[in-house]
Amino acid sequence: MTIETSNSTESDSPPSYDASECNSNTRQESIANGSKRKNVPYQPSAEQQRQIDLLSGTESSSKPRSPLTTVNSATRTEYFDLLPSFEMFQSILKRDDRQFQEDLSRSPPCYGDTLNSVPSNSASSASLPHPSIDQNLHSSVPEYRIEQELERQREQEHATFHEVSSRPTLSPIASSPGLHNQNMAVTEETYGASPLDNIDRLNKTTNSAIDIQIYVTKTVPQPNTKSDLESRLKEYTSGDHVNGYIIVSNTSSSPIEFGLFTVSLEGTVKSTERNANTFDFNHRYSRILMKKFLKMYDLSASYGYTYVPNSAGIEYEPFTWDKVDGCSIGLPDNRILRPKTKYKKFFTFKFPHSLLDNVCVNSVLPHLLPPPSMGVDKTCFYNRGESIVLNKALGYGTLNMRGTPLLTKDFCFDDMSVSYTIEAKIIDKVNSKEAVSHQDINSAKNEYVISKSAQYFLRFIPDLKEQVAYCKLHSVGNYPDIGLGGKFLDQLKYNTTWNSISELNDQVEKEIEQKLNNEELSPLEMKLKNLKLHEDSKVIQNDTFVTTNRPVDIYGKKKKMILSSLIKLGQSTMSINFPDRVIPYGSPRLLMKYNSGEDNSLQPVTSNMEDLYNRRVEDVLDTLEADLCFESDSNVRPPPIKVSTNIVAWSYNTEYPLPFEMGYDFFYKSHESVSNDSVETTQNNLHLVKSQVSNYISFLKSNSLIISKESFMYLKSVQKLGIKKDTIKDYFQSNVEEPDWQISQISDRRFRWTKRLKISLVIENKHNVTLLPTFQNCLIGRLYCLQVAVKYKGTNSEQNEFAHNVVSLDVPVLVG
């Protein structure tokens with residue numbers, strides 16, 4: 001049984017019977033007879049009685065019936081997602097000081113037992129009225145103080161305007177959870193005070209006699225049976241199950257007591273900043289930023305006093321010995337690990353299709369979809385992750401250990417990563433005999449420590465169904481004929497990103513003006529320019545296609561005796577319809593071979609990943625049509641052309657939650673003028689928004705003004721925003737169907753040549769790259785465009801630097 005904090009769970013259990021139907025039948029018979037009978041004994045229906053007879057093995061007729069037995073069949077096991085109560089989650093994992101110190105060797109107190117029970121009030125308060133339920137909660141359970149915690153965080157974040165340049169993260173609390181990572185900060189709002197609430201802020205011990213090993217299996221593991229371990233090439237997608245077991249060992253010769261044991265599936269965005277001024281292993285990074293966007297606990301695998309059934313239906317008798325590996329199944333109730341003894345716990349997780357609403361503080365819909373695994377966590381396995389090198393032949397790189405992350409050529413930022421891991425942790429109260437990773441522990445928040453932990457990295461690639469459904473929302477009503485292109489058309493035609501930025505800027509200015517009016521300062525002191533988008537942008541000329549902003553000059557060679565010179569032949573433009581299909585997710589050949597079901601000899605686990613690699617033909621973008629136009633002052637035939645198709649990957653990252661969705665208008669529509677260079681356009685746009693945000697922050701600091709938390713987060717997210725562009729070449733084969741030119745005369749001395757290019761998008765992937773699905777997260781995201789480049793023959797760039805003779809056009813596309 002798994003639960004995703006704070007308000008979502010996934011669990012599997014069989015359905016239960018309901019006797020209301022039988023009682024209603026009996027009641028209807030009584031009404032039909034015209035009499036009202038009281039205390040009618042329960043009578044099962046005929047069908048239920050038959051099931052009872054089968055289960056009990058009794059005879060209900062002259063023909064004896066055999067007891068119910070299991071038989072092999074092709075019936076598929078049904079799983080049910082159920083929500084455990086929050087009381088169950090609280091009682092198993094939300095442990096406090098009293099639970100850490102309790103003695104399980106004693107019997108629990110009974111009602112009226114004054115020796116083993118603790119009164120809630122002192123003797124002096126016996127005559128006082130009993131406190132309310134809410135008062136009891138607030139006095140005994142700190143995690144219920146949500147409002148007070150939010151207010152405290154808001155006050156601390158507002159105070160940071162005087163140190164805005166030095167503050168690294170969202171979180172008001174920064175700690176060092178490991179010896180090898182001294183400057184880690186967690187961008188995660190915490191509303192409670194239990195060890196579980198602050199598990200990512202806890203410090204780690206430098207040594208421990210406890211050993212934790214995580215094993216992921218191909219099938220559901222069973223006690224007393226050897227299980228095949230999963231390959232490091234395994235990929236998971238939305239709805240897939242992850243099964244395995246964890247072995248906890250006491251390697252010492254003495255018993256060891258433990259406090260809390262948790263098993264979770266976690267998703268993490270991590271950013272690192274290398275410390276260039278030191279070679280000290282303990283201070284390898286000057287800063288580490290971490291945000292947890294997914295955390296699901298398996299209540300069955302974690303430690304608890306009650307037996308919680310496993311979600312996959314694994315049945316075993318607790319505290320028995322596994323005949324295969326000699327492990328004791330389950331953890332002891334007295335929380336004491338015997339010396340030289342191994343303990344086994346089984347776990348089952350299911351990857352979600354979407355994240356919880358509280359993952360995105362701004363409720364941006366694309367931010368609630370789980371991102372794919374991206375980059376590699378350099379701090380994993382005690383900073384060994386930074387030594388992973390990409391093998392160009394294989395298309396990936398790994399560590400030589402179980403649970404290693406996979407590094408692929410996915411064009412991620414060098415200092416960022418998106419990771420999914422199985423986490424197993426043992427949390428204890430700080431013992432004065434144990435050495436911990438910090439110098440002294442004086443405050444109450446540091447009275448807990450992670451005695452031992454282990455990680456197992458999983459590769460997750462989300463399904464695109466939710467993304468496609470979101471895109472199609474934009475095409476309802478307005479653009480019913482272009483499907484997915486409706487979203488991209490909205491962004492480019494109506495400046496959705498720029499409008500969002502403008503609204504946020506207006507909100508900041510409104511708050512500043514209110515503060516100034518309240519403090520009787522003149523608004524004339526605020527010299528902040530407004531963001532305006534010019535109306536002369538010519539990116540979109542039609543509701544169904546995207547075209548080049550301005551014509552490109554085409555040059556040719558003119559021979560004069562022995563020498564030759566360049567002359568202008570004409571101008572060329574290109575238009576492409578918005579694609580209504582997707583480009584499938586792509587990975588290195590070995591990963592694709594293992595997860596697509598292509599090679600049965602590898603025997604991968606059947607999962608939804610096969611659907612990602614084998615999408616339906618009608619869903620895949622296999623051809624692209626481009627209209628090419630050439631205009632000249634003569635009827636001379638245009639030079640021969642060469643067509644190439646590339647993929648443009650736009651990536652963004654920031655350190656604070658981005659409160660809006662990044663659209664294609666930010667990359668391709670300039671705020672000042674029309675430009676054919678997307679890189680120049682994006683650089684200018686980024687410089688503009690950063691300059692404006694800097695003006696806001698400088699004005700707020702100089703006048704000691706405090707604005708709302710939402711506006712503060714917006715300013716910081718844009719201030720830390722970074723964008724990069726990667727062009728992926730040789731991903732498609734060069735198959736172009738090129739018809740002959742069609743000529744028409746548009747004026748007395750001007751002619752127009754046109755042709756429609758039909759480009760076949762056959763995936764070749766020469767460089768073994770990983771084409772991750774399109775996604776957007778609060779801190780990192782990826783968008784794609786298809787780039788069609790047409791080069792006219794007959795130029796020499798050395799003679800004229802502007803005579804490149806290339807007409808290029810990027811059209812937005814969805815990958816997944």
Side-chain angles (χ1 to χ4, degrees), residues 150-174 183 185-187 189 271 273 286-287 289 291 360-362 364 367 415-416 497-533 652-662 666 671-672 682-723 778-781:
L150 281 174
E151 186 64 27
R152 181 184 66 83
Q153 289 187 5
R154 180 177 176 181
E155 292 176 357
Q156 292 187 3
E157 287 164 351
H158 285 166
T160 59
F161 270 115
H162 299 284
E163 52 179 3
V164 69
S165 60
S166 61
R167 182 181 177 84
T169 69
L170 277 170
S171 174
I173 303 174
N183 297 314
V186 182
T187 62
E189 295 182 354
S271 174
E273 184 176 315
S286 60
R287 208 171 46 135
L289 177 70
K291 176 180 174 59
C360 178
V361 295
N362 303 291
V364 181
H367 296 178
D415 57 349
M416 291 201 73
T497 308
W498 288 113
N499 289 336
S500 299
I501 294 175
S502 180
E503 291 176 1
L504 292 167
N505 287 340
D506 291 342
Q507 179 63 29
V508 172
E509 293 181 5
K510 182 179 179 180
E511 293 182 16
I512 292 177
E513 186 175 356
Q514 290 176 351
K515 294 289 183 180
L516 293 175
N517 291 335
N518 293 336
E519 298 181 14
E520 298 181 354
L521 296 176
S522 172
L524 297 178
E525 298 179 8
M526 181 177 56
K527 297 181 180 180
L528 299 173
K529 54 186 178 181
N530 292 326
L531 176 64
K532 299 297 181 182
L533 183 65
Y652 72 84
N653 69 341
T654 182
E655 295 182 4
Y656 290 76
L658 204 63
F660 55 87
E661 179 183 358
M662 291 292 291
F666 188 85
H671 65 280
E672 294 177 344
T682 306
Q683 287 178 346
N684 294 336
N685 292 343
L686 188 61
H687 177 73
L688 171 72
V689 295
K690 282 180 172 287
S691 297
Q692 183 155 3
V693 162
S694 297
N695 291 337
Y696 287 134
I697 294 177
S698 299
F699 184 82
L700 291 169
K701 291 175 63 177
S702 60
N703 292 277
S704 300
L705 298 179
I706 297 178
I707 59 176
S708 66
K709 176 182 176 181
E710 291 76 14
S711 297
F712 167 73
M713 292 299 180
Y714 158 66
L715 297 178
K716 291 297 296 178
S717 65
V718 175
Q719 185 187 47
K720 299 294 185 179
L721 182 62
I723 296 176
C778 292
L779 302 182
I780 188 171

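Owing to the predicted nature of the structure, the values given are computational and were not obtained by experimental measurement. Side-chain atoms are counted along with the backbone in the values below, which use heavy atoms only and exclude waters and symmetry mates.
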Where do Tyr714 and Ile501 land on the side-chain contact (heavy atoms from CB on, under 4.5 Å) test, with the steps shown first?
CA-CA 9 Å; Tyr714 158 66; Ile501 294 175; 3.6 Å; yes
Pair Asn505-Gln692, side-chain contact (heavy atoms from CB on, under 4.5 Å): steps then yes or no:
CA-CA 9 Å; Asn505 287 340; Gln692 183 155 3; 3.6 Å; yes
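Note: Tyr656 OH to Lys291 NZ = 12.5 Å, rounded to the nearest 0.5 Å. The CE atom of Met416 sits 4.5 Å away from atom CD1 of Ile780, with the distance rounded to the nearest 0.5 Å. Atom OG of Ser704 and atom NZ of Lys515 lie 12.0 Å apart (nearest 0.5 Å). From Ile707, atom CD1 reaches atom CD1 of Ile512 across 6.0 Å, with rounding to the nearest 0.5 Å. Distance check: Tyr696 OH to Leu705 CG gives 13.5 Å after rounding to the nearest 0.5 Å. Taken to the nearest 0.5 Å, the NZ atom of Lys510 stands 11.0 Å off from the OG atom of Ser708.
Scanning both residues, Ser711 and Val508, for their nearest heavy atoms gives CB-CG2, 3.9 Å. Of all non-hydrogen atoms in Ser717 and Leu658, the two that sit nearest each other are OG-CD1, 3.8 Å. Between Tyr652 and His367, the shortest heavy-atom distance links the atoms OH-NE2, 4.1 Å. Minimum heavy-atom separation, Pro657 to Val361: CB-CG2, 4.1 Å.
Checked against side-chain hydrogen bond (donor to acceptor under 3.5 Å, both in side chains), Thr497 has the following partners two or more places apart in sequence or in another chain: Asp665. Residues forming a side chain to side chain contact (heavy atoms under 4.5 Å, CB included) with Glu273 (at least two apart in sequence, or on another chain): Ser286, Arg287. Among residues two or more places apart in sequence or in another chain, the side-chain hydrogen bond (donor to acceptor under 3.5 Å, both in side chains) test is passed with Glu710 by none. Remark: Leu686 pairs with Phe666, Val689, Lys690, Leu721, Ile723 by the side chain to side chain contact (heavy atoms under 4.5 Å, CB included) rule, at least two apart or across chains.
Side-chain contact of Glu511 with Gln507: a donor-acceptor pair under 3.5 Å is present, judged by distance alone. Lys716 and Gln719 share a donor-acceptor pair across their side chains, judged by distance under 3.5 Å alone.
In this structure, Ser271 contributes its side chain and Leu289 its backbone to no donor-acceptor pair below 3.5 Å. Under the 3.5 Å distance criterion, the side-chain polar atoms of Ser698 are left unmatched by any main-chain donor or acceptor of Asn695.
Considering only heavy atoms from C-beta on, Val718 stays 4.5 Å or farther from Leu504 through its side chain.
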